[in-house]
Number of protein chains: 2
Amino acid sequence: MAPRTRKSERRTEALSRERIIEAAVELLDTAGEGGLTFRALTERLATGPGAIYWHVANKDELLDAATDAVVAAALATEPAGSPDSPRDALNAVALGLFDAIDEHPWLATQLATQFSRGPWKSVTPRILESIGRQVRALGVPERRWFTVATVLMHYILGAAGQNAVNGRAHGPGVNRDEFLGAVSTAWKELDPDDYPFTRAVADQMPGHDDREEFLAGIALILAGITAVPPPPRSHRARR
Amino acid sequence: MAPRTRKSERRTEALSRERIIEAAVELLDTAGEGGLTFRALTERLATGPGAIYWHVANKDELLDAATDAVVAAALATEPAGSPDSPRDALNAVALGLFDAIDEHPWLATQLATQFSRGPWKSVTPRILESIGRQVRALGVPERRWFTVATVLMHYILGAAGQNAVNGRAHGPGVNRDEFLGAVSTAWKELDPDDYPFTRAVADQMPGHDDREEFLAGIALILAGITAVPPPPRSHRARR
DNA sequence: ACTTAAATTGGAACGGCGTTCCAGAGATGT
DNA sequence: ACATCTCTGGAACGCCGTTCCAATTTAAGT
């Protein structure tokens, strides 16, 4: 068979796992979730698929690594000795994730799908740890650590992902206010018999400030912590 | 050009959007998220792609429809006049979603990605309405409806999705307890300096009952409702 | 009953994706 | 100089969602 022709010269700057992950993040940021393909990656890195597969097992691992890198960076900001209260520190962690998801909208989907597959891998402990430390600092009894941290984590990721979507462009010239207004009016056209609640909240949606609403949710959960906790386990008020 | 040869006879039972969605759900249930392909669908329905595309715009719409159908069915159970307290009714809604996600594990991913794209379409108001009605019945002041319902929704969907993953097979002969045990031991091998909290909660994870833990999270949020609400809006303590 | 138009079907083909394969170029040691 | 190992990137494979369109069934008009 004919010998393969080698045309281009070898890369000058060596390929590395870090460079690949970095390029993947940039590609996801600029071209969206569907923008990360091995072909786009090979073009951007001026190489071939085999070179990438030498450093990375497959696309899932690459996505995991990109997610982990961005989340780690988001949680690493504000490390130094800010003598804030645990509440403020928790809000800072939450807003850090909020901003990271806002800046990299693909994170929302990626975190969700990563939770739904190999959920307890690298990124989950990272987030749980950051939240959990503040939960512990708040004086929550250890028995309830898991419940409280889990509630906070799910709310933070869910709400941040939701709000990140609101702020994105949904077509040419559609900004956040227009988008939320469109949703609001769409909800007000729902059947009054089937959707009384949704119609009622449709009014208060367009006006609110995202971060404030987000923090209000966290405050609500924290208020639940200080309230009388239900007895240990399987011991709720009965008889 | 040569005339196409027509070999098989036309379907006896007519194809319809409902039949396609039904087949899609079955395919997702049996073969997993990756199991739904147009080729598998054409084989199962004994037809061709064009026939399916006549009834359904594309795969995303099909996934949306499948998700909506399953969620609607889950929320439609327990309609009749059970004179439960709003708390019990809310728990019932939450457990309905919990069970639906447990029975159709692809729902977790699908709901998450659907939230991250056209988030305010059909399925979101459906869930928000079911939760919101109970929030209203609980006597929550209208100003806080959106916050409370949103917190509950994000927690319910996040935690239910997470727990659904735990219960699934992750390889041959790996059941829930083994899986959680493996996660627990993996967490206990994390760096004690970097992950003190995660290591601490690793112990209490394998033992707990899923539903009880799930409901404990909801109870925590509900406890926050009755606690003193933070001042109206844009009025938090500053300066 | 015959004709005609519209609704519906399903086979073939297209472009793009993740992935695999492997010849060979650079580096390194002998 | 050679042998060996690391790393590269072009070509090709199989599967995917989707499109195209001839063929067929159904419905309507006469």
Side-chain angles (χ1 to χ4, degrees), chain A residues 1-24 27-28 31-67 106 109-110 113-114 117-118, chain B residues 1-24 27-28 31-67 106 109-110 113-114 117-118:
Chain A
M1 50 189 67
R4 310 282 187 86
T5 56
R6 179 146 305 262
K7 287 158 189 167
S8 55
E9 292 300 296
R10 172 168 278 237
R11 299 230 79 273
T12 51
E13 309 173 28
L15 206 54
S16 72
R17 190 179 158 92
E18 286 75 29
R19 266 176 49 83
I20 294 175
I21 294 173
E22 184 186 355
L27 225 43
L28 286 165
E33 322 192 35
L36 176 60
T37 61
F38 271 85
R39 288 177 223 277
L41 211 50
T42 56
E43 189 182 5
R44 176 177 259 267
L45 294 169
T47 181
I52 296 175
Y53 275 93
W54 177 260
H55 297 278
V56 163
N58 51 42
K59 190 179 181 180
D60 278 342
E61 189 190 294
L62 180 56
L63 275 167
D64 285 5
T67 304
W106 49 272
T109 311
Q110 194 49 39
T113 58
Q114 213 161 320
R117 282 230 264 267
Chain B
M1 49 187 70
R4 313 279 188 86
T5 56
R6 178 145 306 261
K7 286 156 189 168
S8 56
E9 291 300 297
R10 172 170 277 240
R11 300 231 78 271
T12 50
E13 309 173 29
L15 206 53
S16 70
R17 191 181 156 91
E18 286 76 28
R19 267 175 49 83
I20 294 174
I21 294 173
E22 185 185 355
L27 225 43
L28 287 166
E33 322 191 35
L36 176 60
T37 60
F38 272 84
R39 287 178 223 278
L41 211 50
T42 56
E43 189 182 4
R44 177 177 257 268
L45 294 170
T47 181
I52 296 175
Y53 274 93
W54 178 259
H55 296 277
V56 163
N58 50 41
K59 191 178 181 180
D60 278 343
E61 188 189 296
L62 180 57
L63 275 167
D64 284 6
T67 303
W106 49 273
T109 310
Q110 194 49 38
T113 59
Q114 212 162 322
R117 282 229 265 267

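Quick caveat, the model's predicted, so the values are computed rather than measured. In what follows, chains are A, B, ... by sequence order, proteins preceding strands, each numbered from 1.
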Quick one: Phe38(B) CZ to dG14(D) C1', roughly how many Å, whole number? 19 Å

When all nucleic acid strands are considered with a 4.0 Å heavy-atom cut-off, which category describes Leu36(A): base, sugar-phosphate, or nothing? sugar-phosphate

Can you confirm whether Leu62(A) sits close enough to Leu41(A) that some side-chain heavy atom of one is under 4.5 Å from a side-chain heavy atom of the other? yes

Qualifying residues under side chain to side chain donor-acceptor pair (under 3.5 Å), relative to Glu33(B), sequence neighbours excluded: Thr109(B)

Name all pairs fulfilling the side chain to side chain donor-acceptor pair (under 3.5 Å) condition that reach into residues 49-59 of chain B, sequence neighbours left out, sorted by first residue then second. none

Restricting to side chain to side chain donor-acceptor pair (under 3.5 Å), what partner residues turn up for Glu61(A), sequence neighbours left out? Arg17(A)

Regarding the side chain of Pro49(B), the nearest nucleotide among dT18(D), dC16(D), dT19(C) is dT18(D)

Taken to the nearest whole Å, CG/Leu41(B) to P/dC16(D) is 12 Å

Check: dG16(C) base within 3.5 Å donor-acceptor of Arg39(A) side chain: no

So, using side chain to side chain contact (heavy atoms under 4.5 Å, CB included) as the criterion, who are the partners of Ala31(A) when residues are at least two apart? none

What residues, two or more places apart in sequence or in another chain, satisfy side chain to side chain donor-acceptor pair (under 3.5 Å) together with Arg44(B)? Glu26(B)

Counting only non-hydrogen atoms, which of residues 50-64 of chain B are less than 4.0 Å from DNA chain C? Gly50(B), Ala51(B), Trp54(B), His55(B)

